[in-house]
Number of protein chains: 4
Amino acid sequence: MERSRTSDKRNRILRAAVKVFAAKGFYVARVSDVAREAGVADGTIYLYFASKGDLLRGLFEENMERLIEQVRGVSAKHDSAASRLSQIWSDYVVFVQSEPELAEVLTVELRESGKFMNEFAADLFGAFLRLIVEVIADGQSRGELRRDVSARTVARLMFGAFDELSLSWVMSKNKWDLERSGKEALTIFLDGLRPKTSE
Amino acid sequence: MERSRTSDKRNRILRAAVKVFAAKGFYVARVSDVAREAGVADGTIYLYFASKGDLLRGLFEENMERLIEQVRGVSAKHDSAASRLSQIWSDYVVFVQSEPELAEVLTVELRESGKFMNEFAADLFGAFLRLIVEVIADGQSRGELRRDVSARTVARLMFGAFDELSLSWVMSKNKWDLERSGKEALTIFLDGLRPKTSE
Amino acid sequence: MERSRTSDKRNRILRAAVKVFAAKGFYVARVSDVAREAGVADGTIYLYFASKGDLLRGLFEENMERLIEQVRGVSAKHDSAASRLSQIWSDYVVFVQSEPELAEVLTVELRESGKFMNEFAADLFGAFLRLIVEVIADGQSRGELRRDVSARTVARLMFGAFDELSLSWVMSKNKWDLERSGKEALTIFLDGLRPKTSE
Amino acid sequence: MERSRTSDKRNRILRAAVKVFAAKGFYVARVSDVAREAGVADGTIYLYFASKGDLLRGLFEENMERLIEQVRGVSAKHDSAASRLSQIWSDYVVFVQSEPELAEVLTVELRESGKFMNEFAADLFGAFLRLIVEVIADGQSRGELRRDVSARTVARLMFGAFDELSLSWVMSKNKWDLERSGKEALTIFLDGLRPKTSE
DNA sequence: GATGAATGAGGGTTCATTCAT
DNA sequence: TATGAATGAACCCTCATTCAT
């Protein structure tokens, strides 16, 4: 009887938590809601997570790391900043479309929860942002992107813009074409980030 | 003894709520925290608001309307889309800098709260977004902005970008120059939105 | 400006209390309900009554005394036990029919409230009952009523029976003929209380 | 480990509620009083009852049904109206003497509570009364009881009389002989209900 | 490991009462 | 006297967490 390194039940609970937190929000959701959704007893959750907050923390950790890994892999396979940004975004679109509830939790709860797990969430988010900053800065240093703007500012801008785009898509129940809007967004940013001829 | 049209105490409670909700988040904040901050008894809050949720609602209502009015006034005083967007943003910077806690509550809680006051918050936010859409669409129809992107998408992008920018400024306790970053952001967007020569 | 010995406002409050207590019950009724019904401010009530409980107490006192006086007067004007009981009951019917809400409060709340104003309510009720006992005992000593039953028991029986009759009439919103039922009841009791021939 | 069909704890809570409600009255009693008396935590009560009011409701339901069953059984075992009424009453005396607190709650709170659970309490009480009405009407149709009085009125009379008798016995802390008084009462009623010779 | 009944601290809300006007 | 805004103690109920089975 092999046991996967990370228990099946733990994953079932995490998946249930995503669903429930997405539907009700972290604070309104009850631990027993998660338990019911996961098909386990309330107490079972505490065999895998120390507290309700830890459940949210575990959820962030596991998934943000996955996202970060994905983004990290992009830089290896693409040369230009433009193609990297394009790839990062289209990967993210795939993620949002295939796991909209997770995307919602990751973006919505990240903010409110900042209140009770500051350093933790900030770290994960910081790591994510730093990768974007690197892509931008690299593009600038190679003359692919304009240099008169702070890479950090650009990274935040793009993150905010795409985050808003995907979140509103999730919350509007997929009523419009996310890929198309994303392509338009990317075009605007890449055009706006083109090196000035005067430089 | 003159009495302001809207009760002093109501305003004191609203201001206290902003402070407390910003510091702890709506769900973690206790009504008695707000009462203490406002210097009133717990029960007094219920003379002005029907419930804790109604307090948050009242807070949105009053302030979002103010912001919307401000944005609305901008279009009358400025001609080009560029100057309108520039003005809207610099007005918003002034707001964020002078009332950072309110800005935080308005942006952070708007999301989480979407869960329990959906239509309400969505309406106010929708009204705000619509104004931006109009500015963009108007700029497009006058040939000032590129036409190959959806005005709605652009509005969302810009909102998301600037929202992220100001929120991260608020939460990082003002460690960097918001105005400067904002100017860079505006430049990137305006460059990215410039009509294509091929058009 | 003459002032009646017992203030008008005090009476207005008492009348309002009767109405409100009858409709909602003492515990569910709020002091502010009584104030609104009386057309006075909440605080005004406390100029005439020390507390909510005192309001109920005042209500009992004033009205029970009136009822007791009425019953007391009957014995003077009537000779036989039968005619006395008949008169007491028909007076009570008049009272119940003209002030059903007061009758309801006096009978319903008397019981529940026994819990918090024991000695007081018991005294008033005891005085009332004692009058009935006297009528019965007098009738027994004069050979008009059977002697093989305790006057106290008979008084309680009759009180309980007539109380139930009038209360159910009040609560059923006067759907049947109280006078008629009362006459039947009286007949049964008087027949049942007739001296045994063997005596 | 056997489990009784109806949870032990539920019954412990109900018994505690009887004791506490009898002592303080429903409105004055606190849920935590009941919990302490039952030896459980406050929250435990809500595992078995939806609310404080539901606790009172459950208490009525369970016990009134028991009483009604008892009364119902009497008619099968006795022939004459006289022996039926006699048996119903002596059963009730046994009940009142063995569970005086329950008797008190059932009769006292039934009235006040009518305010917030009208139809419910009325139904149970109505069912009880209807059984008495049947006994009376049956006695009348068989010529055992006088026919010139409404069976409904007689039932109410007797109920009111016996209710008052037992309640006052309960509240006077058993200072007198309930059985004896009850026998007297029954004699009076049966004599009063004897068919008229003229009929 | 798994369960879910039990716990009890905590918080939103009510409302009798007060008191400055 | 009269007012009614303000008070704050009290209480019902929720729900994260525990623990005996």
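Every heavy atom of this structure was used, including side-chain atoms; hydrogens, water molecules and symmetry mates were not. In the text below, chain A, chain B and the rest are named by the order of the sequence lines, each starting its count at 1.
A salt bridge is absent between B/Glu62 and B/Arg57; no separation between the charged side-chain nitrogens and carboxylate oxygens falls under 4.0 Å.
OP1 or OP2 of F/dA2 lies within a sub-4.0 Å distance of a side-chain N or O belonging to C/Lys9.
Atom pair B/Arg10:CZ and F/dA6:P shows a separation of 13 Å (rounding to whole Å applied). Rounded to whole Å, atom P of F/dA16 lies 10 Å from atom NZ of A/Lys24. Counting to the nearest Å, the C1' atom of E/dT13 and the CG atom of B/Asp54 are 13 Å from each other. Taking atom CZ of C/Phe26 as the reference point, atom C1' of E/dA16 lies 10 Å away to the nearest angstrom. Here the P atom of nucleotide F/dA16 and the CZ atom of A/Arg36 are 12 Å apart, to the nearest Å. Nucleotide F/dA10 holds its P atom 13 Å from the CG atom of D/Asp33, rounded to whole Å. As rounded to whole Å, 12 Å separates atom P of E/dG12 from atom OH of B/Tyr27. Atoms CG (C/Leu56) and C1' (E/dA16) sit 15 Å apart, rounded to a whole Å.
Listed by chain and residue number, nothing satisfies the ring pair (Phe, Tyr, Trp, His ring centres under 6.0 Å) test with B/Tyr46 (two or more places apart in sequence, or in another chain). For C/Glu65, the side chain to side chain contact (heavy atoms under 4.5 Å, CB included) test picks out C/Glu61, with sequence neighbours left out. In this structure, A/Arg12 has no salt bridge (Lys or Arg N to Asp or Glu O under 4.0 Å) partners at least two apart in sequence or on a different chain.
Looking at heavy atoms from C-beta onward, B/Arg15 lies out of side-chain contact with B/Val20 at the 4.5 angstrom threshold. Using a 4.5 Å cut-off on side-chain heavy atoms (C-beta onward), D/Leu59 and D/Phe21 make contact.
The shortest non-hydrogen separation linking A/Ile13 to A/Leu55 is CG2-CD1, 3.8 Å.
Nearest-nucleotide positions on DNA chain F for A/Val31 and D/Val31 put D/Val31 closer to the 5' end.
When atom types are taken as modelled, the side chain of A/Lys52 and the backbone of A/Phe26 share a donor-acceptor pair closer than 3.5 angstrom.
Nucleic acid contact for D/Ala35: none, since no nucleic acid atom lies under 4.0 Å from a heavy atom of the residue.
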Kindly list each side-chain donor-acceptor pair under 3.5 angstrom involving residues 33-44 of chain C, sequence neighbours excluded, with atom names and distances?
unit_1, atom_1, unit_2, atom_2, d
C/Asp33, OD2, C/Lys24, NZ, 3.0
C/Asp33, OD2, C/Arg30, N, 3.0
C/Thr44, OG1, C/Ala41, O, 3.4

message: Could you spell out the base pairing of DNA chain F as a dot-bracket line? Use Watson-Crick and G-U wobble contacts where both distances are under 3.5 Å, [ ] for crossing pairs, | for partners on a different strand.
response: .||||||||||||||||||||
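Of the residues in residues 38-51 of chain D, D/Val40, D/Ala41, D/Gly43, D/Thr44, D/Leu47, D/Tyr48 come within less than 4.0 Å of DNA chain E through at least one heavy atom, sorted by number.
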